[in-house]
Amino acid sequence: MSYNFYAFMDRMKYIKRWQLMRSVREENIMEHSQQVAMLAHALAVIDNKIFGGSADAEKAALYAVYHECSEVLTGDLPTPIKYFNNNIEGAYKSLEERACDKLLNTLPEELRGEFEKSMKPDKTSAEYAIMKAADRLAAYIKCLEELRSGNREFAKAKQSIEDDLHSRNMPEVEYFFEKFIKSFELTLDELEGL
């Protein structure tokens, strides 16, 4: 018997983000998820090494790998619509949950439990909170990229996301801002010190 799970995951590269906004460079949920995984890992390591936390960095990264997987079935609903009101948000969360269940059913039964841990994570865990902050951080970095390319379409989103990130009171996020964010505004020659 053949299973479709990885063929579905491979389709993440076809799901575009930021559909309501003009982008200089399109972004898909596969590349976004990879960036969120790196950022979640970084935030967890920072939290553990700098601030004495105890988050599982690998678990946070794995949550990020699968955090958008339901969108291969639902598409990417833009944030202003997704969070327009509680009814829409609740209905969309239910739809995402059902999409995850459908995807889990495309795995051999003996593997589903392991994948369910990552695709339907414990939303009260430190790793989940870190992954959610990393998701917003990736969106913020996208805004910086677009603004650096002269696209003012992302100016309001940048400010809104920055305010949200700072309101989370996560020292690991503040540390990332202090140590790493400025470099996202540099050219390749500036990054290399040429």
Side-chain angles (χ1 to χ4, degrees), residues 9 11-21 23 25-48 53 55-84 88-90 92-97 99-100 103 115-147 154 156-177 179-181 184:
M9 293 302 99
R11 298 188 66 80
M12 290 174 73
K13 64 188 171 203
Y14 302 127
I15 311 300
K16 293 183 177 106
R17 290 177 46 80
W18 304 97
Q19 295 177 48
L20 296 180
M21 298 171 78
S23 295
R25 188 187 68 77
E26 288 186 351
E27 179 182 51
N28 64 57
I29 64 170
M30 183 179 273
E31 64 186 304
H32 167 71
S33 295
Q34 190 264 345
Q35 182 182 36
V36 175
M38 286 193 315
L39 293 170
H41 185 266
L43 292 177
V45 170
I46 291 165
D47 184 44
N48 293 343
D56 182 331
E58 288 74 24
K59 185 185 283 187
L62 201 53
Y63 284 177
V65 167
Y66 291 104
H67 85 284
E68 301 280 27
C69 69
S70 66
E71 292 184 4
V72 298
L73 298 175
T74 68
D76 180 32
L77 189 64
T79 297
I81 297 167
K82 192 184 301 186
Y83 299 109
F84 182 74
I88 292 173
E89 182 180 357
Y92 191 71
K93 286 188 186 306
S94 176
L95 184 62
E96 285 179 319
E97 184 89 9
C100 283
L103 289 169
F115 284 81
E116 186 172 17
K117 293 175 192 175
S118 299
M119 293 171 63
K120 297 168 84 175
D122 173 6
K123 293 182 177 174
T124 65
S125 69
E127 293 82 8
Y128 184 79
I130 286 169
M131 182 276 294
K132 291 301 280 183
D135 188 31
R136 295 298 281 163
L137 193 54
Y140 182 77
I141 291 166
K142 169 65 173 168
C143 293
L144 294 178
E145 175 186 11
E146 290 290 329
L147 289 166
F154 283 76
K156 186 174 179 184
K158 175 195 173 279
Q159 191 57 58
S160 172
I161 294 165
E162 184 174 347
D163 292 345
D164 173 59
L165 282 163
H166 291 309
S167 75
R168 291 171 186 256
N169 298 315
M170 296 176 75
E172 60 272 35
V173 170
E174 299 305 323
Y175 182 95
F176 193 93
F177 262 86
K179 303 289 185 184
F180 298 107
I181 283 295
F184 286 93

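The analysis underlying the following values was restricted to heavy atoms, covering all of them including side chains, and did not include hydrogens, waters or symmetry mates. Sequential numbering from 1 along the given sequence is applied to the chain's residues.
One distance of note links OG of Ser33 with CD1 of Ile15; it measures 11.0 Å at 0.5 Å rounding. The CD1 atom of Ile141 sits 10.0 Å away from atom SG of Cys143, with the distance rounded to the nearest 0.5 Å. Rounded to the nearest 0.5 Å, atoms CG (Asp47) and OH (Tyr175) are 12.0 Å apart. The CG atom of Asp135 sits 9.0 Å away from atom OH of Tyr128, with the distance rounded to the nearest 0.5 Å. Remark: Ile29 CD1 to His67 NE2 distance equals 8.5 Å, nearest 0.5 Å. The OH atom of Tyr14 lies 10.0 Å from the CG atom of Asn28; values are rounded to the nearest 0.5 Å.
In terms of heavy-atom proximity, Ile130 sits nearest to Ala60 at CG2-CB, 4.2 Å. Nearest heavy-atom pair across Lys59 and Asp56 is N-OD1, 3.0 Å. Annotation for Val36 and Ala138: closest pair CG2-CB, 3.7 Å, computed over non-hydrogen atoms. Minimum heavy-atom separation, Ala57 to Val45: CB-CG2, 4.0 Å.
Residues forming a side chain to side chain contact (heavy atoms under 4.5 Å, CB included) with Glu162 (at least two apart in sequence, or on another chain): Tyr140, Lys158, Gln159, His166, Phe177. Residues satisfying the salt bridge (charged side-chain N to carboxylate O under 4.0 Å, His left out) test with Glu145, not counting sequence neighbours, are Arg25.
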Go through it in stages, so that I can follow the logic: the residues are Lys179 and Ile46, the test is side chain to side chain contact (heavy atoms under 4.5 Å, CB included), and I'd like the CA-CA distance, side-chain angles, deciding distance and then a yes or no.
CA-CA 11 Å; Lys179 303 289 185 184; Ile46 291 165; over 6 Å; no
For Ser125 and Tyr63, what are the C-alpha separation, side-chain angles and deciding distance, and is it a side chain to side chain contact (heavy atoms under 4.5 Å, CB included)?
CA-CA 11 Å; Ser125 69; Tyr63 284 177; 3.8 Å; yes
Before you tell me yes or no, could you show the steps for Ser118 and Leu62 under side chain to side chain contact (heavy atoms under 4.5 Å, CB included), namely the whole-Å CA-CA distance, both residues' side-chain angles and the distance that decides it to 0.1 Å?
CA-CA 6 Å; Ser118 299; Leu62 201 53; 3.2 Å; yes
CA sep, side-chain torsions, deciding dist, call: Leu137, Ile161, side chain to side chain contact (heavy atoms under 4.5 Å, CB included)
CA-CA 8 Å; Leu137 193 54; Ile161 294 165; over 6 Å; no
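Two residues are said to be in side-chain contact when any heavy atoms from C-beta on lie closer than 4.5 Å; Cys69 and Phe115 fail this criterion. Pro121 is not listed as a side-chain neighbour of Tyr66, based on a closest heavy-atom distance of 4.5 Å or more. Using a 4.5 Å heavy-atom threshold, the side chains of Leu103 and Met9 count as touching.
For CZ of Arg136, the number of neighbouring non-hydrogen atoms (other residues, nucleotides, ligands) closer than 6.0 Å is greater than 12.
Residues Lys142 and Glu27 are not paired through a salt bridge, judged by the lack of any N-O separation under 4.0 Å between the basic side chain and the carboxylate. A salt bridge links Glu68 to Arg17: at least one charged side-chain nitrogen sits closer than 4.0 Å to a carboxylate oxygen.
Judged by distance alone, the side chain of Ser160 and the main-chain N or O of Ala157 form no donor-acceptor pair under 3.5 Å.
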